[in-house]
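Everything numeric here is computed off the predicted structure, so don't read it as measured data.
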Amino acid sequence: MGEFTVGDEEFLLDGRPVRLLSGALHYFRVHESQWGHRLAMLRAMGLNCVETYVPWNLHEPRPGGYEDVGALGRFLDAARAAGLWAIVRPGPYICAEWENGGLPHWLTGPLGRRARTCDAEYLEHVDRWFRVLLPQVAERGIDRGGPVVMVQVENEYGSYGTDRSYLEHLAGLVRSCGITVPLFTSDGPEDHMLSGGSLPGVLATANFGSGAREAFEVLRRHQPSGPLMCMEFWCGWFDHWGTDHVARDAGDAAATLEEILACGASVNIYMAHGGTNFAGWSGANRAGELHVGALEPTVTSYDYDAPIDEAGRPTEKFWRFREVLAKYQEGRPVPELPPEPVELAGLYVAAGDGVVGDGPAGACGVVMDGWAGLGEVLDVLGGAERESPVPPTFEELDVDRGLVRYRLDVPGPRQPYALGVLGLRDVATVYVDGVRAGVLDTEDATLPDLVPGGVAVELWVESLGRVNYGPRGGESKGITGGVLHERQYLHGVRARGLRLDAFASPEAVGRVPFGPAGVAGAVGLHRGCVELPGAPGSAAYAWLQLPGWGRGFVWVNGFCLGRYWGVGPQGGLYVPGAVLRGGGNEVWVLELAGPA
């Protein structure tokens, strides 16, 4: 046990000055079987601490329905076993390029802009959640023999709002849940962000990727004393679908790390190891300086151009950071690296009709043996159909990740008119009398061809990820306005949702009426198998490629790898070795885009 405190100039452990050399590693983006290896990699880089967020929506998918909340405690135990301290950032909002910034869809749907304020209904949910989550953090405080040295209050609140009462409530709530270690806030090094997001008596820290001296000067204007810390040193960045891959020069990043430490500050490298946005949990951003423009969905990989890559391997940035951090080890040598994970032969999804087709040399092809149309899949795995005058949103249908089918009829007789959608989020594939009529992908969109009266219209709408940062965070998905024929709203909508987690049960998927293998890229659920010679184990990994496919989701042995999309920049999907097995491995591909 020890006492970790915030001194006048430095952090103190039992009265002795210490510097936090931390790295971000999110337990929910790394398969649990690989936690030990990734934590050992942090130690080998020269770090003494690990930082993690906690995504509320992952652990409470429905109000009062909790799933594996204890994963955080297990991760903190793994950190302690690896010889690392821990910083916990429980939210309730986390950003993190994660779906909805970690806030549950069932919360932001009805509350809207009341979230992240002192609104009584919002706080009632937060209070309940923190009282479930935080006791495991409290009992693992460093003063109780655990690894946790600090806990964050909210997250970058100064980039969002100015509700001081809300922050004060959260700080009191965290303390009432038994947290006895120091609290902190983190914000960008801007006056309005630090004044909006900090609290008297709570350590303020700064988030930035360069210009350390200038950033700390701004922080000192708001906090004349106390340890300096960069809580997020952005050593890389994340990617959006349809853009170029973002990378940062290793030498430039190492120079900024050196500058931070030369200022006498502590640091948290964001990200030390990024991992993967499994199961469609990638968030999205809005373009523009004020983050109110076009939707920019985040890719499945969260590699982040981090020093430890998505597969757990050291990069050039790792070695450059290790050289810098070696100077701050207080006379102790930097630990050696654990064994590098073993890369298996690549996997690729074959063409249909049971033909393996041409794949990369040495790769294992997935042979498809079944296909079912989206309507058949919806009949088995979808929710109940709901009839209403106007289109319900995803939130009203209790769909977090997935898609919704909207059905309606165009009255007749009438002449053909343009058919459009107001408030579309995010992509709709439209069928008129069963024939594909086009794809709409802007908020206010219109089909290219006129639509006559007396026809049936289906719109299959997919969410590409809820916004995780900025003033449009928490916005609803689906058709949030209405469907127009000329200027007239079409009423009488039948809507039915298909959640991604409906595929979590192999028994449920087994009830889907698969027919013979379909053509690769056909909209619907494809089923196949790939043979592997031996049990890979957690130390191994593979990349799965889907050449020529459009957009959708992939499962291996029931484990959802996440979204694929032919627009790039991401190529293959990361497959943890622990989800593979020797012999036959079942693969499902849910193709949603279909032919161009």
Does a salt bridge link [X] with [Y], judged by any charged N lying under 4.0 Å from a carboxylate O?
{"X": "R401", "Y": "E99", "value": "no"}
{"X": "R466", "Y": "D426", "value": "no"}
{"X": "K477", "Y": "E462", "value": "no"}
{"X": "R128", "Y": "E124", "value": "no"}
{"X": "E443", "Y": "R472", "value": "yes"}

How about [X] and [Y]: are their ring centres within less than 6.0 Å of each other?
{"X": "W56", "Y": "H125", "result": "no"}
{"X": "F208", "Y": "F233", "result": "no"}
{"X": "W555", "Y": "F503", "result": "yes"}
{"X": "F553", "Y": "F278", "result": "no"}
{"X": "Y469", "Y": "H291", "result": "yes"}
{"X": "Y270", "Y": "H26", "result": "yes"}
{"X": "Y122", "Y": "Y166", "result": "yes"}
{"X": "F28", "Y": "W98", "result": "yes"}

Any side-chain heavy-atom pair from [X] and [Y] closer than 4.5 angstrom?
{"X": "M150", "Y": "R89", "answer": "no"}
{"X": "L76", "Y": "V88", "answer": "yes"}
{"X": "L167", "Y": "R116", "answer": "no"}
{"X": "H240", "Y": "P297", "answer": "no"}
{"X": "V575", "Y": "L561", "answer": "yes"}
{"X": "Q136", "Y": "L72", "answer": "yes"}
{"X": "Y574", "Y": "S301", "answer": "no"}
{"X": "D143", "Y": "V181", "answer": "yes"}

Indicate whether the side chain of [X] and that of [Y] have a donor and an acceptor atom separated by less than 3.5 Å.
{"X": "T276", "Y": "E310", "answer": "yes"}
{"X": "N268", "Y": "E51", "answer": "yes"}
{"X": "D163", "Y": "T117", "answer": "no"}

Measure the spacing between [atom1] of [X] and [atom2] of [Y] and express it to the nearest 0.5 Å.
{"X": "F238", "Y": "E97", "atom1": "CZ", "atom2": "CD", "result": "4.0 Å"}
{"X": "I308", "Y": "L25", "atom1": "CD1", "atom2": "CG", "result": "7.0 Å"}
{"X": "F75", "Y": "L39", "atom1": "CZ", "atom2": "CG", "result": "5.0 Å"}
{"X": "W129", "Y": "L133", "atom1": "CH2", "atom2": "CG", "result": "4.5 Å"}

Item to check | Closest approach of E232 to N207 (non-hydrogen atoms, all atoms of both residues) | outcome: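 Distance-wise, the nearest heavy atoms are N-OD1, 3.1 Å.
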Next on the checklist: Quick check: closest heavy atoms across S198 and T185, and the distance to 0.1 Å?
Outcome noted: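 Shortest heavy-atom contact: CA-OG1, 3.8 Å.
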Checklist entry - Testing D305, D309, D252 for salt bridge (Lys or Arg N to Asp or Glu O under 4.0 Å) with K317, which one passes? => result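 Exactly one option meets the salt bridge (Lys or Arg N to Asp or Glu O under 4.0 Å) with K317, and it is D305.
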